[in-house]
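Nothing fancy with the numbering, it's 1 onward along the sequence.
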Amino acid sequence: MPAAEGGRLLPGDAGRLSAPADRGRLAGAALVEPGTTLAGERLLPVVPALQALLPGRGLRRGSTVAVNRSAALALALVAGASAAGSWVVAVGLPDLGMVAAAEAGIALERLALVPAPGARAWPTVVAALLDAVDVVLVRSPAGLPAGQARRLAARARERGAVLVSLGAWSEAPDLWLAVATSAWQGLGQGHGRLEARLVEVVVGGRGAAARERRAGLWLPAPDGTVASAPAGAVASTPAAGEARPGGPDPPWLADAG
């Protein structure tokens with residue numbers, strides 16, 4: 001299981017992997033106010049632009065999260081925990097780009113990769129990683145049985161890890177996020193370059209997340225960061241290939257694409 005360049009996969013220390021915080025990767029933006037303690041250390045921090053969308057303004061330990069299609073949104077979601085010192089492991093994502101991960105704010109020295117564990121080994125690998133690290137980002141094999149999904153969700157709850165699925169997840173997650181609309185900026189008539197993307201993110205789930213929330217985000221902003229978009233700035237065009245929330249299938253059942 002190769003680690004990202006400049007990092008290591010699993011240190012010899014027993015227990016959950018951690019490292020000193022490196023908050024400078026998020027353009028100097030504080031993840032929490034100085035002196036703030038996240039409730040009982042049951043929340044992992046997220047970047048400021050996502051805080052208002054999430055119950056408790058962070059990722060609840062022990063939860064399962066599904067992100068509809070958008071790899072950029074998934075990376076942004078876990079970047080806050082990574083910058084604050086948590087390890088992130090990506091399983092079943094052989095196309096994950098290190099440049100994209102770094103630009104999202106993920107600390108590469110605390111990012112490990114398991115690109116292709118194989119469908120048969122996938123549940124065992126994910127279960128083992130949930131025992132060891134704070135955040136496990138996965139793309140599940142096609143047709144993952146609901147029973148396996150339930151067992152992995154239970155493992156995450158027991159171990160206090162956060163399981164983030166990019167694309168389809170065969171059981172209703174605690175929290176889901178979807179990109180409902182998307183529009184790139186920077187291209188003209190036959191000239192220019194892609195500079196920024198304006199999206200509308202929709203969030204729902206169970207319990208405290210049952211009330212649907214929406215917000216406009218720059219993903220990324222012209223400076224490469226994730227930032228809140230002003231009211232009324234969100235594009236009205238559905239993101240290519242993505243079903244709107246409220247359609248025939250819930251967002252967490254969408255294919256990874």
Which heavy atom of A215 sits nearest a heavy atom of L53, and at what distance?
CB-CD2, 3.7 Å

Compare all side-chain heavy atoms of W169 with those of V164 and state whether any distance is below 4.5 angstrom.
no

R213: partners by salt bridge (charged side-chain N to carboxylate O under 4.0 Å, His left out), with sequence neighbours left out
none

Is any side-chain heavy atom of S70 closer than 4.5 Å to one of V199?
no

Heavy-atom side-chain contact between V133 and R159 under 4.5 Å:
no

Is S182 reaching over with its side chain to a backbone N or O of E200, donor-acceptor style, under 3.5 angstrom?
no

Contacts of R155 that satisfy side chain to side chain donor-acceptor pair (under 3.5 Å) - sequence neighbours left out:
D131

State whether a side-chain donor-acceptor pair under 3.5 Å links S63 with D174.
no

Heavy-atom check, side chain of V114 versus side chain of W122, under 4.5 Å:
no

Within the distance-only criterion (no hydrogens, no angle test), does the side chain of R197 pair as donor or acceptor with the backbone N or O of A183 below 3.5 angstrom?
no

Which heavy atom in L152 sits nearest to a heavy atom in P123, and how many Å separate them?
CD2-O, 3.7 Å

What I'd like to find out is whether the side chain of R61 reaches to under 4.5 Å of the side chain of L43, using heavy atoms alone.
no

For R151, all residues meeting salt bridge (charged side-chain N to carboxylate O under 4.0 Å, His left out), sequence neighbours excluded
none

For P117 against V125, the heavy-atom pair lying closest together:
CB-CG2, 4.1 Å

Are any of the side-chain heavy atoms of L96 and L113 separated by less than 4.5 Å?
yes

d(L59 CG, L175 CG) to nearest 0.5 Å is 7.5 Å

Heavy-atom check, side chain of W218 versus side chain of L198, under 4.5 Å
yes

Of the non-hydrogen atoms in R110 and S82, which two are nearest, and what is the gap between them?
NH2-O, 2.9 Å

Do side-chain atoms of R42 reach the backbone of R60 as a donor and acceptor pair under 3.5 angstrom?
no

L77 and L75, any side-chain heavy atoms less than 4.5 Å apart
no

